[in-house]
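Written below as structure tokens is the structure these notes are about.
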Amino acid sequence: MSRASTQRRQDSQAPTIASVVRRPAWVLLILLVILAANIGAAFLPVPHFAKTAFNLLMAALTVAGIAFIFMELDHKGVTMRLFAATGFIWLAILFLLIFSDYGARS
Amino acid sequence: MSRATTHSAEEAALREPWEDIARQRQAVEMGMWAFLASEILFFTGIFAGYTIYRSTYPEAFWVAGGHTSLFYGGTNTAILLVSSAAMGIVPSAARWPSLGSFARTMLWVAALLGIAFLVLKGFEYAEDFDEHLFPGPDFEIHERGAQLFFAFYWCVTAIHAIHLIIGIGLVARLAIAGARDPRWFSQTPAVQATALYWGLVDVIWTIVFVILYLPGRGS
């Protein structure tokens, strides 16, 4: 088989633009809806604590969407995911220590 | 791409001390995630400070949050999400030579959206200065603790903007280098590393938006 025909065969295996774009586009749409819901929820007549908790939950969902789809963590193995989680694990430890202190103050 | 072409593309992207491109790609990605973890820790210190002061001055932080511009904050959040989606397409498209120019177009889309973010941020800062929202003797809000909120606001948004400027530089550099050498572009782990950095910039902004722009709305 000539080099040119091999090239054509390999190029024909390449995904189309539509197939590459489809999933990120759907996730983007969902994240924009989450953003709109988050902004809308900020105006609801509910206690501040409930609003903040909801806003942070929506932010966590957005971060998960960005990390797993746009940063492709969903394709990665356990080791890479552990590396990716490291920063968030330290963040959780720091906040746990802060709240165990401030929460215990009279 | 033929085997010979693939091989020469891998050679163009391979750097010492790695012996093959797969190992280099894995190492770069892992190193990048370790770097991003250190970045998260850096911002975590600021977020921890914010949390402590918000629990100390809950009403002042709520009132001050209502003075940030939800229009600029929300629009910029949407802009960064779209740019992240564009950037998320790049690694999977770049490895196919037939999609190389499309991947580079997506890089430019992300960079231009990043610039749009900075332009809007500039307008927002100008508005904030006009409304005397910079901590100091002329500060607009007299509630005790409100200046602390805006001290966090200016620090966090400025540090984030610096990260974004670096990201725009990295993305533009990748797009230019990729156009000069498409073989290198199809194999280099720099594509993945740049996309990861851009993702982090968006992750940080997602949290910044929630803690600085959403408090103080409604009744």
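Heavy atoms only: backbone and side chains are in, while hydrogens, waters and symmetry mates are out. To find a chain, count down the sequence lines: A is the first, B the second, and so on, and within it residues start at 1.
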- Message: Does any backbone or side-chain atom of A/L73 lie under 4.5 Å from a heavy atom of chain B? Answer side chain, backbone, both or neither.
- Response: side chain
- Task: Please flag which part of A/L56 lies under 4.5 Å from any non-hydrogen atom of chain B: side chain, backbone, both or neither.
- Result: both
- Message: Heavy-atom pairs under 4.5 Å with chain B: which of A/A60, A/A85, A/A59 has the most?
- Response: A/A59
- Message: Which atoms of B/L196 are under 4.5 Å from chain A, going by heavy atoms: the side chain, the backbone, both sets, or neither?
- Response: both
- Item | Heavy-atom contact with chain A under 4.5 Å, split by part of B/S92 | both
- Point-to-point distance, once rounded to the nearest 0.5 Å, from CZ of B/R217 to CG of A/L44: 14.0 Å
- Message: With a 4.5 angstrom heavy-atom cut-off, is it the side chain or the backbone of B/L36 that approaches chain A, or both, or neither?
- Response: side chain
- Quick one: what part of B/V203 sits under 4.5 Å from any heavy atom of chain A, side chain, backbone, both or neither? both
- Message: Need one label for A/I17: side chain, backbone, both or neither, based on atoms under 4.5 Å from any heavy atom in chain B.
- Response: both
- Message: Using heavy-atom distances under 4.5 Å, tell me whether B/Y213 contacts chain A through its side chain, its backbone, both, or neither.
- Response: neither
- Message: Given heavy-atom pairs under 4.5 angstrom as the criterion, report whether the side chain, backbone, both or neither of B/V82 touches chain A.
- Response: both
- Item | Residue B/L99 versus chain A: region with a heavy atom under 4.5 Å | side chain
- For B/E39, is it the side chain, the backbone, both or neither that has a heavy atom under 4.5 Å from a heavy atom of chain A? neither
